[in-house]
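Below is one structure, written out as structure tokens; the observations come after it.
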Amino acid sequence: IENARRYEETQQLLGDAYTLFDIAGLFTETRNLDELLKLIADQSLERIQAADRVVIHLLDETSGRLERQMRLPPSEGGSKAPGGFAVGEGIAGLVLQEGRPINVPDVQTEEAFVERDIPAGALFVAPISRHSTCIGTISVASPQINAFRRRDERFLTSLANLAAFAIENARLFEAEKAR
């Protein structure tokens with residue numbers, strides 16, 4: 001029984017690795033930042049079954065705040081409706097400050113939680129980091145309490161690491177294009 005369980009876990013990890021490899025290929029083909037962020041959000045919703053909402057914040061170097069760049073599904077004001085955090089504010093701000101993922105099984109019991117996009121349920125936030133520098137966060141939410149498993153956390157953290165390089169490349173491409 002134990003061997004069967006380990007075999008199943010290994011197969012799931014291998015499947016996730018292949019999926020991330022395919023996603024990395026998609027990321028390298030996308031040079032527009034808005035399209036890339038939509039792709040990241042789409043992949044998060046598609047691959048993490050418990051998630052019903054994704055929010056991506058990127059650090060604005062001028063203001064030093066995390067600014068919402070993508071939300072799926074879009075809010076009534078559109079996917080670029082304002083919604084940012086200062087470093088250390090809310091769960092996303094804590095993730096940026098600490099540089100580590102945070103899983104909140106029930107946002108109603110978390111003091112640091114600031115209600116902006118997620119009214120109730122579970123929240124998992126991963127840092128988008130490159131060379132130990134956090135450039136943003138990606139959050140997935142579920143209306144269910146304790147919705148995210150270790151596999152979901154591992155997948156989103158890996159996706160966020162891939163996204164960091166893709167976001168930097170898209171920013172460089174757009175700056176070069178503008179120049």
Side-chain angles (χ1 to χ4, degrees), residues 20 23-48 51-104 107 110-119 121-141 148 153 155-179:
L20 287 166
I23 291 170
L26 292 173
F27 285 178
T28 59
E29 295 171 7
T30 308
R31 293 190 177 132
N32 178 282
L33 184 59
D34 289 335
E35 289 175 16
L36 178 64
L37 295 175
K38 173 111 172 50
L39 180 62
I40 294 165
D42 285 340
Q43 291 298 318
S44 300
L45 279 179
E46 184 178 324
R47 306 295 177 183
I48 300 175
D52 75 338
R53 191 167 308 134
V54 177
V55 180
I56 299 173
H57 290 92
L58 295 179
L59 183 63
D60 181 324
E61 293 182 15
T62 306
S63 69
R65 291 179 51 85
L66 277 174
E67 297 298 336
R68 183 179 352 160
Q69 299 296 313
M70 176 60 60
R71 181 186 190 275
L72 282 184
S75 58
E76 291 181 19
S79 63
K80 287 229 177 194
F85 295 96
V87 175
E89 177 189 17
I91 304 301
L94 284 174
V95 167
L96 181 76
Q97 183 177 41
E98 297 176 9
R100 66 175 180 87
I102 296 177
N103 185 357
V104 180
V107 296
E110 177 59 48
E111 288 181 26
F113 177 72
V114 176
E115 186 177 332
R116 297 252 172 86
D117 290 304
I118 296 111
L123 174 69
F124 180 71
V125 184
I128 300 173
S129 299
R130 186 162 183 257
H131 302 300
S132 70
T133 301
C134 193
I135 62 169
T137 63
I138 181 167
S139 308
V140 290
F148 301 111
E153 294 173 17
F155 182 83
L156 190 66
T157 301
S158 297
L159 182 68
N161 289 333
L162 285 174
F165 288 98
I167 289 168
E168 286 296 311
N169 287 340
R171 285 177 166 171
L172 290 171
F173 181 78
E174 287 183 355
E176 183 63 27
K177 186 177 168 184
R179 195 171 26 250

inquiry  = Is it the case that the side chain of Glu46 and the backbone of Gln43 share a donor-acceptor pair, with hydrogens and angles ignored and the cut-off at 3.5 Å?
reply    = no

query = Just how far is it from atom CD of Glu61 to atom CD1 of Ile135, taken to the nearest 0.5 Å?
reply = 9.0 Å

query = Atom CG in Asn32, atom CZ in Phe173: separation rounded to 0.5 Å?
reply = 9.0 Å

message = Nearest 0.5 Å, please: how far is CD in Gln69 from CD in Glu67?
response = 7.5 Å

request  = Of all the heavy-atom pairs spanning Pro127 and Pro101, show the shortest one and how long it is.
outcome  = CD-N, 3.6 Å

inquiry  = Looking at every heavy atom in both Thr137 and Val95, which two are closest together, and how far apart are they?
reply    = CG2-CG1, 3.9 Å

query = Hey, does Phe27 have a side-chain heavy atom less than 4.5 Å from the side chain of Leu159?
reply = yes

key: Close side-chain approach of Arg65 to Glu89, heavy-atom, < 4.5 Å   = yes

message = Does anything in residues 167-178 form a side-chain hydrogen bond (donor to acceptor under 3.5 Å, both in side chains)? List the pairs, not counting sequence neighbours.
response = Glu176-Arg179

remark   = Across all chains, not counting sequence neighbours, the salt bridge (Lys or Arg N to Asp or Glu O under 4.0 Å) partners of Glu98 are Arg100

message = Working to the nearest 0.5 angstrom, can you tell me the gap between Ser44 OG and Ile56 CD1?
response = 6.0 Å

ask   = Could you go step by step and tell me if Ile138 and Leu156 meet the side-chain contact (heavy atoms from CB on, under 4.5 Å) rule?
value = CA-CA 8 Å; Ile138 181 167; Leu156 190 66; 4.0 Å; yes

query = Is there a side-chain contact between Glu110 and Ile91, using heavy atoms and a 4.5 Å cut-off?
reply = yes

ask   = Going from OG on Ser139 to CG on Leu66, what distance comes out if it is rounded to the nearest 0.5 angstrom?
value = 9.0 Å

Over all atoms of both residues, closest heavy-atom pair of Ala92 and Phe85 = CB-CD1, 4.0 Å

ask   = For the atom pair CD1 (Ile128) and CG (Leu59), what is the distance rounded to the nearest 0.5 Å?
value = 10.5 Å

message = Any salt bridge linking Asp42 with Lys38? Criterion: basic side-chain nitrogen under 4.0 Å from a carboxylate oxygen.
response = yes

key: Side chains of Arg68 and Val55 in contact at under 4.5 Å (non-hydrogen atoms)   = yes

ask   = Hey, mind stepping through Ile102 and Phe124 against side-chain contact (heavy atoms from CB on, under 4.5 Å) and telling me if it holds?
value = CA-CA 6 Å; Ile102 296 177; Phe124 180 71; over 6 Å; no

inquiry  = I need the minimum non-hydrogen distance between Ala122 and Val107, along with the two atoms involved.
reply    = C-CG1, 4.5 Å

request  = For residues Cys134 and Ser129, report the shortest heavy-atom separation together with the two atoms involved.
outcome  = CA-OG, 3.8 Å

key: side-chain contact (heavy atoms from CB on, under 4.5 Å) between Ile40 and Ile167, intermediate numbers included   = CA-CA 10 Å; Ile40 294 165; Ile167 289 168; 4.2 Å; yes

inquiry  = Can you tell me if Arg31 has over 12 outside heavy atoms packed within less than 6.0 Å of its CZ?
reply    = no

query = Can you name the closest pair of heavy atoms from Leu94 and Gly88 and give their distance?
reply = CD2-O, 3.8 Å

request  = Show the numbers, then the answer: is there a side-chain contact (heavy atoms from CB on, under 4.5 Å) between Phe165 and Thr28?
outcome  = CA-CA 9 Å; Phe165 288 98; Thr28 59; over 6 Å; no

ask   = Which pairs with one or both residues in residues 155-166 pass side-chain hydrogen bond (donor to acceptor under 3.5 Å, both in side chains), sequence neighbours excluded?
value = none

